[in-house]
Structure formats: structure tokens, C-alpha cells
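Proteins get letters first, then strands, A, B, ... in listed order; numbering begins at 1 in each. Because the structure is predicted, anything quoted here is derived from the model rather than measured.
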There are 2 protein chains.
Amino acid sequence: MKSDRSKPTISQVAAAAGVNRSSVSRAFSRPEMLNPETVERILAAAAEIGYVPNHVARALSTGKHGNIALIVPDVANPFFPPLIRAAQAQAETGDLCVFLGSSDEQARQEDKLLARFSSQVEGVILVSSRLSADRITEFAARIPLVLINREVPGIARVLIDSGSGVADAVDHLAGLGHRRIAYVSGPGSSWSNRQRLNAVRRTAKRTGAGMAMISAKKPTFEAGREATAAVLASGATAAICFDDLMAQGLMAGVAEAGRRVPDDLSVVGCDDVLGAATYPALTTVSSRTVEAGRTAAWLLMDMMQSNSIQDARHLLETSLVVRNSTAPPPRA
Amino acid sequence: MKSDRSKPTISQVAAAAGVNRSSVSRAFSRPEMLNPETVERILAAAAEIGYVPNHVARALSTGKHGNIALIVPDVANPFFPPLIRAAQAQAETGDLCVFLGSSDEQARQEDKLLARFSSQVEGVILVSSRLSADRITEFAARIPLVLINREVPGIARVLIDSGSGVADAVDHLAGLGHRRIAYVSGPGSSWSNRQRLNAVRRTAKRTGAGMAMISAKKPTFEAGREATAAVLASGATAAICFDDLMAQGLMAGVAEAGRRVPDDLSVVGCDDVLGAATYPALTTVSSRTVEAGRTAAWLLMDMMQSNSIQDARHLLETSLVVRNSTAPPPRA
DNA sequence: ACTTGACTTGCAACCGGTTGCATGAATAGT
DNA sequence: ACTATTCATGCAACCGGTTGCAAGTCAAGT
């Protein structure tokens with residue numbers, strides 16, 4: 001079944017309304033320039049034949065298409081969706097559309113997406129970019145660009161500082177009376193992991209609490225579950241996990257072992273990607289991804305308006321969200 | 001700090017290479033038409049001044065911009081990311097870019113996005129659309145359109161038949177000895193919800209089990225948790241939830257109420273988006289979202305090529321994944 | 001040497017709008 | 001009545017490519 005997809009153009013409307021194409025254009029973009037009656041007549045004619053202005057053509061002559069690109073390493077990672085949503089909502093306020101790209105954690109794919117998008121958008125947000133600093137600088141010279149969780153000098157960036165929140169977590173646990181805290185580590189190569197581990201180490205030392213380090217290779221539910229025995233054997237009464245997924249795994253492992261969270265073991269996660277969707281609701285370090293997305297979009301819009309490069313550096317402090325997975329240690 | 005954002009155009013390359021603009025155009029789009037030496041010279045000149053073809057301008061004259069839109073109710077819902085990723089990967093094979101939109105489960109927002117996208121894309125995939133059948137038909141007449149999990153006669157659609165899996169779930173529960181099963185409903189307007197509800201109803205009747213229907217507005221963890229009291233009061237010994245998130249909420253609610261899953265209440269989810277990441281691991285109906293995304297993109301690409309409307313209807317069967325949240329009912 | 005056909009490249013119109021400037025009409029000022 | 005303004009609209013160039021057609025070149029065919 002074939003269908004007729006011929007879209008009505010501005011010329012057809014002009015002919016129907018008996019005016020010049022430019023008047024039709026103005027009827028839509030700057031109606032105050034025209035006689036109200038004429039506007040009405042044009043709009044009526046347009047409605048009659050079902051005319052809808054062509055965004056692409058408009059973009060070609062104005063140079064503004066009202067689109068921005070957002071590239072993340074992996075849409076399926078729960079860390080990103082809230083960020084995406086926030087950026088989208090913020091963009092909406094400026095009447096901008098967001099084109100989303102997922103790079104599968106590969107620099108090559110990211111580069112390709114960027115090349116493809118760059119002629120269709122007026123600005124770009126790169127989240128946890130895997131590209132080289134040089135390449136990023138290169139792109140930033142062509143098009144307004146904001147980074148999230150990636151630092152390249154001279155490029156506008158929004159950084160989430162998880163160290164502060166992790167330190168809060170240790171303080172919180174120490175305040176509850178815990179004297180020995182386990183850190184269930186994520187990927188050793190990860191910058192975030194080092195940042196978090198250091199924060200635990202430093203703060204534990206300051207509060208005089210002891211610390212146990214449990215290594216896990218991958219930041220997954222399963223890895224968290226497998227770490228359970230080691231955590232319970234470490235003598236720690238509280239555990240801080242590299243991320244929420246591992247914390248969730250640990251909680252499942254503890255339950256399987258017939259122990260209870262938080263009565264027997266307090267558990268703290270990181271990133272707050274699960275919301276309160278665990279039982280008991282997980283105490284975690286909020287990553288403020290929503291603010292990151294919103295701030296980045298806001299920053300980008302600002303850069304687009306002023307057509308300038310801003311060497312902005314927004315640091316988002318994180319904080320502890322206390323829910324129900326932490327409590328005073330069991331009385332020995 | 002101001003920056004120079006003047007993009008090199010085809011004319012500049014032409015001047016630099018000493019050829020006509022049309023030759024530059026051909027060097028990029030149909031190099032076999034040109035003398036290889038000329039192509040090389042042009043490409044060199046282009047690289048020299050950093051020329052990148054302008055997709056928008058090309059789209060204007062060819063009518064093909066190589067973009068498709070994918071609109072989902074909520075990016076942050078874990079059901080969608082795998083689907084998005086699959087669609088994106090499939091689109092990539094046809095050198096298409098995907099523009100993602102999130103409608104916040106609102107028809108108005110969806111309509112707005114669609115209007116905005118429709119002039120910049122050559123095709124649209126609508127996932128779990130909240131729009132009226134009329135509106136969908138209207139859009140489909142303008143632009144190739146494929147639906148996922150929404151049925152409108154005459155429009156190409158990919159349907160995940162959760163009915164089959166849900167029926168399996170009811171059989172599974174009945175087999176364990178449950179005589180009264182609750183269905184915790186999702187959005188009333190949703191096609192999937194009606195499908196699941198009907199499957200529960202039919203299968204319960206066939207197995208002679210009683211059924212209780214609990215209504216919730218949104219498919220969220222919180223909604224599931226709030227439904228707990230109603231479920232427990234309904235006299236049901238097992239509950240099938242509209243989706244995994246609600247099931248997770250229900251499990252949390254049950255635990256809060258001091259009861260246990262599956263000892264006091266068996267819980268079944270739908271969609272299998274959480275993997276085994278709950279405790280107890282959730283028995284759920286697996287949804288083949290990856291296939292749905294891939295198939296929809298494939299179908300759309302086919303429609304775009306043939307410029308035809310296809311009244312295709314792909315049905316994807318689902319199946320039950322039994323984990324640990326279901327067990328025989330407590331002995332009364 | 002002359003025609004023919006293949007191969008390269010240039011010319012110019014076109015895609016669907018936008019916009020600076022000019023024109024003409026209506027209104028106001030004196 | 002006559003010029004100065006303002007207002008509404010048309011004209012035509014332009015945004016950055018694409019593409020059908022024509023023109024020119026060159027080598028093979030006879």
C-alpha cells in the first residue's frame with residue numbers, strides 16, 4: 001500500500017492565500033509585522049491544506065535548529081536516565097530538542113555520533129566522555145560543548161564529587177557507634193573508585209574507626225552478593241559499597257545468610273540510582289545526577305546564547321541520603 | 001571569550017581546490033563519478049580547511065536526513081533502555097541516527113515531541129504510546145511510523161505478547177496451590193496492562209482460581225508499595241504485578257508489614273528488567289524488549305525504503321522465569 | 001581524418017524557508 | 001494640497017548542498 005507523503009510547502013500556502021511566500025513565512029515567524037487580517041487569511045489557508053513549517057529548511061537559513069545532543073556511554077546504565085531526563089526537561093524550557101546518543105563506552109562510536117550530530121545540533125553535552133582531551137578540545141572549538149564527569153581544562157564541565165558524600169557516610173556510621181567499617185571496592189582502575197576509597201580511608205582515620213577493604217572486580221549485584229562472606233568475616237559492622245548495585249547484592253547476601261540489615265550490618269551504597277526501591281530502603285550517597293544534567297543543559301544554553309566558550313567548572317558536592325539500611329551496630 | 005564558529009562550506013572547499021561546488025558535492029556523495037585524482041585533491045582541500053558536509057543542507061535538497069525518532073514514555077524506566085539500545089544498534093546498520101524523546105507518560109508531551117520531531121526525521125517509533133488511535137493514524141499518514149506495544153489497526157506494530165507469559169505465571173501459581181490471585185494493575189490506558197489483566201482473568205478462570213484486582217495509577221515502586229495493604233486485605237495468597245518495579249515495591253511493602261515473600265505472599269513481576277537483583281530474587285515474566293526494539297527499527301527502515309505503509313503485526317511471545325519469590329501458599 | 005561514445009566537469013535550477021531592502025498605500029502633520 | 005511617516009507587502013538574494021543537462025576532452029572505431 002503506497003501512500004502520498006507530499007508535504008504542503010510554503011509556496012502552496014502562498015498561492016492559496018494569494019500572497020507572496022515571504023508573507024506566509026512572516027505569518028508564522030513574525031505575525032506582528034503583518035496586517036492581522038492577512039495573518040488570519042494565511043493561517044486559514046495553511047490549515048486548509050495542512051501546512052506545517054519545515055524545521056529543516058528554516059534551520060538552513062536561520063542557522064538555528066533548536067536541537068542539542070546528549071551523548072552518554074550507555075543508556076542502559078541506571079546512572080544516566082535521571083540525568084538524561086533532567087537535561088531534557090531543562091532544554092525544554094528553551095524550546096530545544098535533545099538528541100540522545102549512546103556510545104557503548106567506545107571512543108570510536110562516540111566520535112562517530114559526535115560527527116553525525118554536530119551539523120544538526122547547536123550544542124553538545126558529553127557525559128563521562130571516553131574521547132581524548134585533544135579531540136574534545138577540537139570539537140569544542142566548533143560547537144558549544146559541556147562535559148559531565150570529565151575534566152578538560154578550558155572546557156565547560158560539571159563534575160560530581162562523590163568524595164564528600166562518602167566522607168559524610170563514614171561520619172554518619174561513626175556517629176552511630178560503628179568502630180570498624182568495610183569498603184567494598186569497585187573496579188580498581190576507576191577514578192571514582194579511588195576517589196571513594198580515599199575518602200573512606202581518610203575519614204575513617206580521622207574518626208578513629210578501623211577499616212576493612214574488600215575487593216570485588218565488577219560493580220554488579222552478583223559481585224556484591226559474593227562479597228558478603230568476606231564482609232561478615234571482616235569484623236566490620238557496617239559496609240560502604242562502591243555503588244548501589246553492589247550494595248543491593250550485599251543486602252541480598254546478608255538476608256540469605258540469615259542476618260539482617262541494618263540490625264546485624266549497616267549498608268551504604270553510592271550513586272542513589274535505586275531511589276528507595278530496596279527493602280530496607282538503602283542509605284546511599286546521592287550523586288545528584290539530576291542537578292548535573294540540569295546544570296549542564298543550563299550551561300550549554302547559556303553558551304549558545306552568548307556564543308562564547310566558558311571555562312566554567314561546576315563542582316557538585318554529594319551528600320548522604322539516610323534511609324533505613326543503617327543503624328547502630330549490634331551490641332557485642 | 002568569543003570564539004569563531006564559522007563552519008567551512010562547500011564553496012570554500014571548491015575555491016580552495018579550484019573546482020565547482022558540484023564537484024565537491026560529488027567528491028563526497030558520488031566519488032565514482034569523478035576522476036580519482038580530482039577526488040583526492042578535493043578531499044585534501046576539504047581536510048585542509050576542516051570541512052564537514054552539512055547534514056541539514058543535504059537533507060533539504062535530498063529530502064533524506066537519515067534520522068529516526070524513538071519516543072518512549074519514560075527513559076528512566078528500566079524497561080526501555082535495552083529496547084532503545086537495540087533500536088539504536090539496528091538503526092546504525094542503515095546509517096540512521098536516533099532521536100530519543102521521553103514523554104513523561106503524557107499524551108500532550110508525546111504529541112508535542114512528535115510534532116517537533118516529525119519535520120526532522122524520516123520515521124518514528126512510538127513505544128507504549130498514550131496517544132489516541134486517531135492521532136496515531138493521522139501521524140502515520142504523514143510519516144512512516146511503527147508502534148511498539150500499542151495496537152492500532154492498519155499501523156505497523158511490534159507487540160510483546162506478555163499474555164502468554166502471564167498465563168504461564170497464573171498456571172505456575174495455581175500449580176503451587178494458590179486459590180486466589182491478585183493482579184496489581186498498571187496504567188488503565190495502557191495496551192500492555194489490558195493484555196496482562198485479560199490473561200490473568202482468563203487463566204484464573206480456567207484453573208478455577210479466584211481473582212482480585214488492585215488498581216494503581218502509575219507503574220512505579222511507590223505505587224507497588226502503596227498497593228500492599230489492598231493486596232494483603234484481598235485474601236489473595238499470590239500477586240501478579242503489572243511490572244517488576246511495582247513487584248519490587250510490593251515486596252518492600254510486604255516486608256514492612258512484617259510479612260514474608262514468598263512464605264506469606266507469592267509475588268510475580270513482569271518484564272524481567274531487574275534480573276535477579278532483588279531479594280528474594282523475583283519470579284517474573286520475561287519481555288523480549290531487545291527483539292522488540294530491533295524488530296521495530298528494522299520494520300521502520302523497510303517502510304522508509306519502500307515508502308509504503310505496512311500493516312505488519314509482529315507478535316513476540318514471552319515466558320515465565322521462575323526465581324524465588326513464589327512458593328506454595330501458607331497453610332490456612 | 002571524422003564520427004562516436006565514454007568520461008569529467010561546469011552550469012544553473014532547485015530544496016523550503018528567511019530577511020534586507022524597495023515599493024506602494026494609507027495616515028498624519030502643517 | 002503636499003510632503004513626511006508609518007505600515008504592509010512584494011522582490012530577490014541567500015542558507016549549503018544536490019542533480020539533470022550540457023559542454024568539453026580524449027581515445028577508440030572505421
Side-chain angles (χ1 to χ4, degrees), chain A residues 5-43 45-46 49-67 115-122 142-143, chain B residues 5-43 45-46 49-67 115-116 118-122 142-143 307:
Chain A
R5 293 264 166 61
S6 63
K7 311 211 184 206
T9 75
I10 205 171
S11 299
Q12 294 172 33
V13 179
V19 298
N20 190 276
R21 299 187 308 151
S22 51
S23 293
V24 179
S25 171
R26 292 194 259 257
F28 283 91
S29 48
R30 275 146 43 187
E32 73 283 0
M33 270 186 76
L34 263 43
N35 184 321
E37 287 172 25
T38 312
V39 172
E40 197 170 341
R41 187 154 44 93
I42 294 175
L43 260 34
I49 63 183
Y51 166 76
V52 178
N54 181 329
H55 226 88
V56 173
R58 191 208 302 277
L60 180 57
S61 42
T62 60
K64 310 224 148 294
H65 18 43
N67 298 137
R116 181 62 180 281
F117 278 148
S118 67
S119 64
Q120 328 195 39
V121 299
E122 287 167 61
R142 294 211 155 286
I143 191 170
Chain B
R5 293 266 168 60
S6 61
K7 312 212 182 202
T9 75
I10 205 171
S11 299
Q12 295 172 33
V13 178
V19 297
N20 188 277
R21 300 187 307 151
S22 52
S23 293
V24 178
S25 171
R26 288 177 184 125
F28 282 91
S29 48
R30 277 152 33 193
E32 73 283 0
M33 271 187 77
L34 264 43
N35 184 320
E37 288 173 24
T38 312
V39 172
E40 198 170 340
R41 186 154 44 94
I42 293 175
L43 260 33
I49 62 182
Y51 167 76
V52 178
N54 181 330
H55 228 88
V56 174
R58 192 208 301 277
L60 181 56
S61 41
T62 60
K64 310 226 149 291
H65 18 42
N67 299 137
R116 181 61 180 281
S118 67
S119 63
Q120 325 194 40
V121 299
E122 287 167 61
R142 294 212 154 285
I143 192 170
N307 190 36

How many whole angstroms separate atom [atom1] of [X] from atom [atom2] of [N]?
X	N	atom1	atom2	result
A:Arg58	C:dC15	CZ	P	19 Å
A:Glu40	D:dA8	CD	C1'	16 Å
B:Gln120	C:dG16	CD	P	16 Å
A:His65	D:dC15	NE2	C1'	12 Å
B:Leu60	C:dA13	CG	C1'	14 Å
A:Leu34	D:dA8	CG	P	8 Å
A:Asn35	D:dT6	CG	P	18 Å
B:Lys7	D:dG17	NZ	P	10 Å

Rounded to the nearest 0.5 Å, how far apart are CD of B:Glu122 and NE2 of B:His65?
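With rounding to 0.5 Å, CD (B:Glu122) is 5.5 Å from NE2 (B:His65).
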Going from CZ on A:Arg26 to CD on A:Glu32, what distance comes out if it is rounded to the nearest 0.5 angstrom?
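It is 11.0 Å, given to the nearest 0.5 Å.
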Nearest heavy atom decides the nucleotide; on that basis, is B:Val56 or B:Met33 closer to the 5' end of DNA chain D?
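In this pair, the answer is B:Val56.
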Passing candidate, side-chain contact (heavy atoms from CB on, under 4.5 Å) with A:Val24, options A:Thr9, A:Ile10, A:Thr38
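Going through the options one by one, the only one that passes is A:Ile10.
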Quick check: on DNA chain C, is the nucleotide nearest B:Ala57 upstream (toward 5') of the one nearest B:Glu32, or the reverse? Name the residue that is more 5'.
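This one resolves to B:Glu32.
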I'd like to check [X] versus [Y] (side-chain heavy atoms, cut-off strictly below 4.5 Å). Are they in contact?
X	Y	answer
B:Asn54	B:Lys7	no
A:Arg116	B:Asn67	yes
A:Pro53	A:Arg58	yes

Using a cut-off of 4.0 Å on non-hydrogen atoms, how would the nucleic acid contact of B:Val19 be classed: base, sugar-phosphate, or nothing?
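Here B:Val19 touches the backbone only, sparing every base.
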Return no unless some side-chain N or O of [X] is found under 4.0 Å from OP1 or OP2 of [N].
X	N	value
A:Arg21	C:dG17	no
B:Asn54	D:dG17	no
B:Thr38	C:dT9	yes

Can you pull out the residues from residues 22-31 of chain A that lie within a 4.0 Å heavy-atom distance of DNA chain C?
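Heavy-atom cutoff 4.0 Å gives A:Ser22, A:Ser25, A:Arg26, A:Arg30.
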Taking the side chain of A:Ile10 as heavy atoms from C-beta outward, which of C:dG17, D:dT18, C:dT9 is closest to it?
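Within the option list, the nearest is C:dG17.
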Is the CD atom of A:Glu37 crowded by more than 12 outside heavy atoms at less than 6.0 Å?
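Counting other residues, nucleotides and ligands, CD of A:Glu37 stays at 12 neighbours or fewer.
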